Trainee: 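One structure, as structure tokens, below. Some questions next.
A note on names: the letters A, B, ... follow the listed sequences, proteins ahead of strands, and every chain is numbered from 1. Every value quoted in this text rests on a predicted model; they were computed, and no experiment measured them.
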Number of protein chains: 2
Amino acid sequence: MPASRSLIQGDDMYAIPIRDFFKSAFSVDCVIFGYHAGELKVLLIQRGSEPFENFWALPGDLVYPDEDLDSAANRVLMDLTSLTDIPIRQVHTFGKVDRHPLGRVITVAYLALVEFTELSPHASSWARQTRWHPISRIPRLAFDHKEILDRSVLDLKTLVLTEDIWSKVLPEKFTLTQFQEFFECVLNKRFDKGNFRKKLSGAPFLRQLNETQKNVSHRPSLLYSLDRKKFQSARAKGFAFDF
Amino acid sequence: MPASRSLIQGDDMYAIPIRDFFKSAFSVDCVIFGYHAGELKVLLIQRGSEPFENFWALPGDLVYPDEDLDSAANRVLMDLTSLTDIPIRQVHTFGKVDRHPLGRVITVAYLALVEFTELSPHASSWARQTRWHPISRIPRLAFDHKEILDRSVLDLKTLVLTEDIWSKVLPEKFTLTQFQEFFECVLNKRFDKGNFRKKLSGAPFLRQLNETQKNVSHRPSLLYSLDRKKFQSARAKGFAFDF
DNA sequence: TACACTTATTGTATTTTATACAAAATGTTA
DNA sequence: TAACATTTTGTATAAAATACAATAAGTGTA
């Protein structure tokens with residue numbers, strides 16, 4: 001395509017009328033990962049209408065003309081889970097010409113991570129049902145959602161090492177074992193217990209509490225909490241886990 | 001916004017007619033980084049028309065209705081530099097409601113890295129002029145392009161450690177010193193010469209050639225070349241530089 | 001109470017990697 | 001041939017990663 005087709009940049013000699021450009025839509029799709037006790041799942045909806053009626057799909061929606069992209073992603077998350085205040089991250093934008101049967105629709109994928117037992121997603125007008133699916137067993141998905149999901153799983157692995165998106169999956173007070181199990185699950189690796197703790201022992205963002213586990217039939221663990229401020233400032237200086 | 005406004009998902013009781021969603025456009029903007037001899041620059045254009053006439057801006061264009069996102073980014077790069085076969089990477093999508101004066105336009109930012117002396121970008125119908133600007137001295141930019149650029153500089157630092165987008169900035173045959181200088185420049189760090197080489201000495205993707213520098217007034221360096229295949233397979237196994 | 005049991009926590013010895021710095025090598029140039 | 005500039009190799013030390021063992025502190029049970 002010659003540059004001269006361009007209009008918005010100023011040359012309209014052979015240009016497509018600009019109104020022909022303003023006939024597209026964009027959507028957001030949310031990859032909502034759920035973690036609990038060593039299991040990683042993803043929240044899917046079963047579509048209630050065409051196209052791809054009855055197919056499982058990532059929850060998503062068209063973006064309103066007067067709505068920011070990030071707001072749209074938060075809205076979808078909110079509609080489905082009633083959760084606000086969940087950190088979300090943009091992953092990638094998928095824009096193949098024919099990816100949507102109804103017209104030209106590109107979609108911006110977002111990723112979130114929550115504790116899935118704390119959350120009962122409601123079916124909604126547009127979702128026949130919602131269900132947590134283990135990431136290891138995913139049904140056939142609508143649109144290009146499998147590609148979006150695969151990409152997001154990779155991105156999640158990077159993100160847990162650099163950002164505190166895991167802050168919502170651990171209880172307010174957690175043990176180092178829980179902390180380790182989470183990373184083992186997401187990264188799909190095992191760590192030596194002693195060495196894992198040694199690595200974390202200097203971390204300024206882990207506050208050791210004067211409290212221990214209760215009612216466990218073994219030596220109770222010390223409890224820790226996350227100091228978000230200190231994590232952010234460590235991150236700003238370039239900190240990342242090197243698991 | 002209530003979920004019930006959604007239409008594409010199936011509920012049209014209170015919905016905005018779907019045609020009202022298909023009134024947006026999207027563009028791509030290319031952050032073309034140029035490297036040469038320890039200097040990092042970015043290619044900007046001076047806009048030839050409104051909006052933001054005469055402002056410096058990232059090269060970009062609206063995406064045609066029948067054009068994939070990646071193709072559009074390649075087209076912009078091609079129009080401006082006549083270079084094909086440059087690896088590009090999607091960075092982020094910027095979608096604030098009012099980011100474009102002509103209507104709802106979200107933009108997908110792409111990043112590329114080239115050797116800037118090998119390239120004479122042409123001014124074009126839509127670009128009054130083009131110029132390489134050192135990343136340390138950037139003029140006021142049109143739209144939200146400063147935000148896009150800042151974000152891309154950060155992404156570049158991550159990308160050079162994990163992907164071979166640097167493959168186009170080094171000559172076919174290069175010295176380890178050149179290799180080191182490139183990373184020092186982009187990452188804005190200094191490395192010990194001996195230790196830097198030691199780290200690289202095991203790298204299977206660096207082929208040592210039976211050839212040395214010519215016409216240098218000091219001990220000539222051995223020349224190396226990149227084995228792309230081996231780099232890719234190392235990368236697939238999780239390799240990344242840890243500079 | 002004493003002892004088994006389970007997991008937490010600390011420790012230690014070994015290997016590997018990073019770092020700082022120096023020495024030697026190899027071309028050009030005067 | 002010696003000065004010069006950079007490459008290349010080496011070495012000594014410090015730091016970090018790893019494997020694995022020992023000890024601690026609860027619960028449950030004889």
Trainee: Roughly, in whole Å, what's the span from CD in A/E181 to P in C/dT7?
Mentor: 11 Å
Trainee: Assuming nearest nucleotide by heavy-atom distance, tell me which of B/N215 and A/Y224 is located more 5' along DNA chain C.
Mentor: A/Y224
Trainee: For A/L176 and for A/S217, find the nucleotide of DNA chain C with the closest heavy atom, then tell me which residue's nucleotide is more 5'.
Mentor: A/S217
Trainee: Which nucleotide in the set C/dA18, D/dT8, D/dC20 lies at the smallest distance from any side-chain heavy atom of B/R197?
Mentor: D/dT8
Trainee: Looking at B/K198 and C/dT16, is any side-chain donor or acceptor paired with a base atom of the opposite kind under 3.5 Å?
Mentor: no
Trainee: Base, sugar-phosphate, or nothing for A/T175, non-hydrogen atoms under 4.0 angstrom?
Mentor: nothing
Trainee: Aromatic ring centroids of A/F231 and A/W166 under 6.0 Å?
Mentor: yes
Trainee: Please compare B/P220 and A/T212 by the position of their nearest nucleotide in DNA chain D and report the one closer to 5'.
Mentor: B/P220
Trainee: As a test of reading the structure: which of D/dT8, D/dA17, D/dT6 is closest to the side chain of B/L222, going by heavy atoms?
Mentor: D/dT8
Trainee: Taking the six-membered ring for Trp, are A/F241 and A/F179 parallel (under 30°), tilted (30 to 60°) or perpendicular (over 60°)?
Mentor: perpendicular
Trainee: Can you tell me how far P of D/dT8 sits from CZ of B/F191, to the nearest Å?
Mentor: 18 Å
Trainee: Yes or no on side-chain contact (heavy atoms from CB on, under 4.5 Å) for A/L176 and A/L206, after CA distance, side-chain angles and deciding distance?
Mentor: CA-CA 10 Å; A/L176 292 186; A/L206 287 181; 4.2 Å; yes
Trainee: Just to confirm, is there a sub-4.0 Å distance from OP1 or OP2 of D/dT8 to any side-chain nitrogen or oxygen of B/S221?
Mentor: yes
Trainee: Once you round to the nearest 0.5 Å, how far does CD of B/E115 lie from CG of B/L83?
Mentor: 11.0 Å
Trainee: Is the base of D/dA24 touched by the side chain of A/R219 through a donor-acceptor pair closer than 3.5 angstrom?
Mentor: yes
Trainee: Does a distance-only test, which skips hydrogens and angles, find a donor-acceptor pair under 3.5 Å between the side chain of A/D192 and the base of D/dA17?
Mentor: no
Trainee: What nucleotide among D/dC20, C/dT26, D/dA17 has an atom nearest to a side-chain atom of A/N195?
Mentor: D/dC20
Trainee: Any idea how B/F116 and B/W132 line up, ring-wise: parallel (<30°), tilted (30 to 60°), or perpendicular (>60°)?
Mentor: tilted
Trainee: Could you tell me how far apart A/Q213 (CD) and C/dT7 (P) are, to the nearest whole angstrom?
Mentor: 11 Å
